[in-house]
Amino acid sequence: MNGNINKRIAALFSFCLLFMVVHGQVAIHGSVSTEGKALGGVRIDLRRDSDNKMLAYTFSDGQGKYHVQTAQSGPFTLLFKALSFKPVSLSITPTQADTLIDVQLSAGGVEQLQEVIVHSKGPYRRGRDTIELAVKSFLQGDERTVEDLLRKIPGIQVGTDGSIKIGNKEVEKVMVEGDDFFEKGYRLLTQSMSVRPLEKIQILQRYSNNKQLKGIENSDKIALNLQLKEESRAQWLGSVDAQVVPIGPKYYQANANLMNFGKKNKYYLLGAANNNGVDAVSSINHLIQSGSPDEPGQIGVGITTPTLIDNTPNLPSFDYRRTNFNNDKLVSLNTILNPTPQLKIKWLGFANPTKKSFYRNTVQNYHLEDIQFTNTEDYQFTRNIDNYFTKLELQLEPNKRTLLSYSGTLGSLRKNDLGALLFNGVQSEELTKSKGYLTNHSLSYSYKFSERDVLVSSLRWIKQQSPLDYSINQYYYEDLFGGKDIHAVKQHIENNLQYLGATTHYVSRKKNGDFFELAFNMAYQQQQLNTELKLLSNPDELGGTAVSPSEFSNAMDLNVFQTNLISKYTFKRNKWELTPRLQAGLVQNRLTDFGKPKHKNNLLLFPGLSGKWVIHPKGRLETDLYFQQQNTSLTELIPHYYTTGVRNFIRGTDNLATLSSSGGTLMYTYGSMTDRFFANLSAGHQILFDYVGTESSLDPNFSLVQQVLLKNKKSSNYKADLNYYLKVVGGNFRLDLGANTADYETLVVGVGNRQIHTETYDYGLSFRSAWKSRLNIYTGYALQSVTYRSDSKTTLNNSRGFLNVFLNMGKNIQCNLKNESYRFGSFLGQDSKTYYFSDFSLSYELRQHRTRFTMTAKNIFNTRFFRNAELTDLYNTSTEYKLLPGYISFGVDYSF
């Protein structure tokens with residue numbers, strides 16, 4: 001890393017640390033005990049002596065630990081109260097920011113409370129592992145769905161794809177009244193469910209998916225639980241909304257939700273249809289590929305066939321809905337039944353027939369010494385999707401110690417892509433057809449020996465078929481294959497997978513807090529990949545001939561049998577914990593290529609060490625060091641070339657190699673989302689001692705990419721996000737800073753080895769108001785700088801700004817104005833340009849009838865195209881995308 005990078009990173013983190021230091025508070029912490037034993041559930045009140053005003057309160061945890069803090073100055077009164085114990089009142093005047101006070105309570109006092117009434121106006125309530133948010137504290141009037149509400153809550157980040165993060169962790173699931181429908185496919189719920197019936201949102205920390213592991217496993221998972229208003233429980237409720245454009249382009253959107261969340265049974269039915277750019281199912285993979293790979297008892301998570309051809313457009317830092325010419329339809333039926341207290345049945349199913357269209361014009365510029373050329377593409381892409389998916393889960397709890405679970409999925413995934421391409425002035429048509437099939441079954445048995453010891457055993461079977469046919473009715477490859485009478489090219493792919501895995505996991509929590517984990521698993525995986533490229537002298541193959549070039553067909557079979565032994569032990573003390581871990585795996589590989597077998601047996605080691613240190617009541621430091629080994633994957637092994645698109649051919653290393661890497665991360669967390677100031681700082685570094693790189697042969701009409709084994713790729717990343725609620729302006733400021741660097745090697749035929757250095761810097765500042773007035777705003781600005789350096793240096797700067805204004809114009813009338821601006825870097829002889837987008841909505845609500853009428857204006861400036869720029873280590877690209885036109889729609893939303 002050069003000096004310039006070090007200076008920028010040092011300045012970045014110096015600013016972060018300075019920002020944290022100037023924000024000081026008085027923190028008081030300690031422990032509560034009785035007769036030498038830790039005492040939990042004790043209420044601790046911090047009051048100001050001068051007027052007895054309550055400044056803060058908390059409860060001691062299971063180990064008797066507590067901490068409170070305030071920005072006020074002393075002297076204070078610290079009051080300890082608990083049922084069956086005499087209260088203790090202490091007068092204190094802290095002389096330092098961090099004060100330790102341990103207290104012993106003696107038996108006596110009140111034995112029983114007849115009635116307790118608590119009145120609280122605070123938006124947050126914090127327990128040991130739960131943060132509870134009052135929904136009404138974050139409502140501003142324009143929220144329709146749960147996702148709209150979550151975007152308003154400081155500390156919760158909702159991505160453009162609907163993913164939800166708290167800090168640097170994505171939530172595991174979003175539950176309703178303690179039950180989960182969609183696991184990591186929660187977008188289907190949050191983007192559709194009305195916010196009206198909600199009363200509270202619970203953030204569950206250290207969450208366990210397996211109830212037998214709760215309080216035992218070392219979990220850092222996070223889940224959300226939506227709590228309903230009392231009048232909304234065990235009742236049929238829902239919403240219906242529709243929007244249409246009466247004049248101009250015929251865009252529409254319609255949604256219907258019907259739900260009943262009772263104590264024993266829960267039902268959720270969803271229907272949606274639109275052609276205004278909204279993705280009805282943001283990602284089917286989140287529903288199909290569920291589970292957490294690091295959870296005790298889990299095996300086979302993420303096992304799937306590789307994607308070899310993908311025409312899905314990539315739109316970095318841009319709202320996909322503006323370019324998504326679609327016709328989406330979705331029907332989803334979901335239920336959770338509890339016929340007996342010991343048995344739970346969960347079933348979900350959906351159908352998602354969809355049509356999507358996409359338009360782009362691309363200029364791709366190569367400047368590598370003697371390799372100088374430019375490619376142009378005008379591309380119109382249409383995709384027809386038919387997805388059908390069902391999932392059944394059973395949970396049987398014959399007694400409090402035993403849990404038996406079954407999960408089974410069945411999916412039919414069909415996709416047809418049609419692309420009209422004008423490549424360097426030559427017209428052609430691409431066609432890609434896929435008819436996939438998937439079944440995935442898992443059986444799990446959990447037995448709880450004691451309150452501290454659990455054994456979990458699981459078995460999983462997966463079968464997946466992903467055949468694909470690709471064709472193009474133009475021949476661009478005369479310089480590669482020769483021949484002048486070829487009129488079309490086709491490729492058929494057979495892509496099949498079978499997997500069988502079993503695991504047994506023992507976890508134990510010691511009395512002193514130490515944690516022990518031991519697991520043994522075995523897995524057998526068979527992957528078959530057959531590809532054949534055909535050059536056709538007649539596009540209809542009627543009377544014509546088909547030629548299959550050598551080195552452009554594959555008939556491979558990869559069989560892997562692996563056994564692993566995993567061990568972890570956590571040493572937990574007062575303010576720190578240390579976890580050494582080791583995974584050792586014996587792998588037997590057999591690769592067959594056109595009947596010729598290759599074998600390799602090897603031992604893989606995964607040692608690691610992680611630690612946590614509570615530096616002070618508000619600050620926590622976490623670190624992780626690791627070394628890992630893995631064998632090359634299927635796509636890195638493919639012996640011969642296959643096509644991935646109009647001009648791209650790629651093949652693997654044909655080498656059963658072992659890849660080694662090591663790295664480390666360091667993260668500092670200050671405060672939490674319930675505090676006025678909270679921050680996350682992280683840094684990481686990784687060294688790939690062996691990695692799969694590329695050797696490219698470049699030509700204007702084709703690109704041959706050979707994957708090769710290279711050594712010593714280094715990368716570093718730094719990230720900081722700081723959140724501060726400034727009382728003077730009544731809003732939350734968020735500062736996001738990030739830096740990524742990488743050093744690696746690529747090879748280009750005719751040029752040789754190229755040493756590549758990349759730098760990416762991200763800067764972002766935003767403000768969200770929380771004014772108790774008719775006006776609220778959300779505004780921010782983000783800048784990204786990307787640099788590639790080899791024989792020359794190229795830098796690209798992109799930026800985005802936004803200003804959202806919400807105004808309550810009077811009783812039941814609200815308006816919302818959303819403004820965005822994008823500025824993309826300039827090269828290829830083009831000047832950078834700023835693109836502006838503005839959307840406006842006006843709504844009138846009849847609250848007594850639970851009905852809302854809306855008028856929405858989309859893309860007010862009627863921006864029809866935008867052009868962005870991207871950099872890679874081989875070329876730079878300028879791409880123009882076609883956008884949905886501006887329109888005005890009218891809609892009605894009814895809740896019941």
Side-chain angles (χ1 to χ4, degrees), residues 123 133-153 174-177 179 181 187-201 224-246 252-263 265-274 276 278 280 330-335 772 774 776 806-816 818 839-857 888-896:
L133 291 72
V135 167
K136 64 180 181 181
S137 299
F138 301 96
L139 293 175
Q140 294 179 342
D142 61 334
E143 304 83 7
R144 190 186 69 83
T145 65
V146 173
E147 183 179 289
D148 295 335
L149 172 65
L150 295 176
R151 292 183 184 276
K152 302 288 181 69
I153 300 175
V174 178
M175 299 179 288
V176 180
E177 293 292 320
D179 275 320
F181 280 105
R187 298 158 179 79
L188 202 60
L189 176 74
T190 57
Q191 294 177 345
S192 302
M193 182 178 175
S194 172
V195 75
R196 288 180 183 270
L198 295 189
E199 182 177 28
K200 298 176 183 178
I201 296 176
L224 298 184
N225 181 45
L226 309 179
Q227 288 193 328
L228 306 180
K229 299 174 182 176
E230 186 64 35
E231 64 269 20
S232 298
R233 297 174 183 172
Q235 300 289 331
W236 284 102
L237 54 110
S239 63
V240 178
D241 71 87
Q243 295 184 40
V244 295
V245 178
Y252 74 95
Q253 180 175 346
N255 296 279
N257 294 267
L258 182 63
M259 61 198 81
N260 187 315
F261 300 111
K263 289 185 177 180
N265 302 324
K266 295 179 173 63
Y267 306 92
Y268 185 74
L269 291 78
L270 169 66
N274 78 88
N276 63 351
V278 177
L330 169 69
V331 175
S332 180
L333 309 175
N334 316 278
T335 183
K772 301 300 181 181
R774 293 187 175 186
N776 273 283
F806 172 72
L807 177 63
N808 190 335
M809 301 175 62
K811 187 177 181 180
N812 302 333
I813 302 177
Q814 301 96 25
C815 68
N816 203 332
K818 296 182 179 181
D839 302 324
F840 175 79
S841 65
L842 179 68
S843 65
Y844 175 72
E845 187 172 8
L846 295 174
R847 294 185 181 179
Q848 65 273 26
H849 299 291
R850 296 185 176 184
T851 303
R852 176 183 295 176
F853 298 93
T854 60
M855 182 196 73
T856 303
I888 298 177
S889 66
F890 296 87
V892 59
D893 183 345
Y894 173 67
S895 299
F896 56 90

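These figures come from a predicted structure and were not determined experimentally.
Scanning both residues, T851 and H849, for their nearest heavy atoms gives OG1-O, 2.9 Å. For the pair E231 and Q235, the tightest heavy-atom approach, listed with the atom from each and the gap, is O-CG, 3.5 Å.
Between atom CD1 of residue I888 and atom OG of residue S841 there is a gap of 12.5 Å, rounded to the nearest 0.5 Å. The distance from atom CG of L228 to atom CG of L198, rounded to the nearest 0.5 Å, is 6.5 Å. Atom CG of L270 is separated from atom OG of S239 by 9.0 Å, given to the nearest 0.5 angstrom.
Of the candidates T190, V176, V135, V146 forms a side-chain contact (heavy atoms from CB on, under 4.5 Å) with just one, namely T190. Only one option out of R850, R196, R144 pairs with S895 in a side-chain hydrogen bond (donor to acceptor under 3.5 Å, both in side chains); it is R196.
Between W236 and Y267, the distance from one ring center to the other falls under 6.0 angstrom.
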Let me see the working for E177 and K266 under salt bridge (charged side-chain N to carboxylate O under 4.0 Å, His left out), right down to the final yes or no. CA-CA 9 Å; E177 293 292 320; K266 295 179 173 63; over 6 Å; no
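A side-chain donor from one of N334 and S332 sits under 3.5 Å from a side-chain acceptor of the other. Using a 3.5 Å distance cut-off with no hydrogens or angles, the side chains of E147 and Q191 do pair a donor with an acceptor.
Ring orientation note: the planes of F261 and Y268 are close to parallel, at an angle under 30° on the 30°/60° scale.
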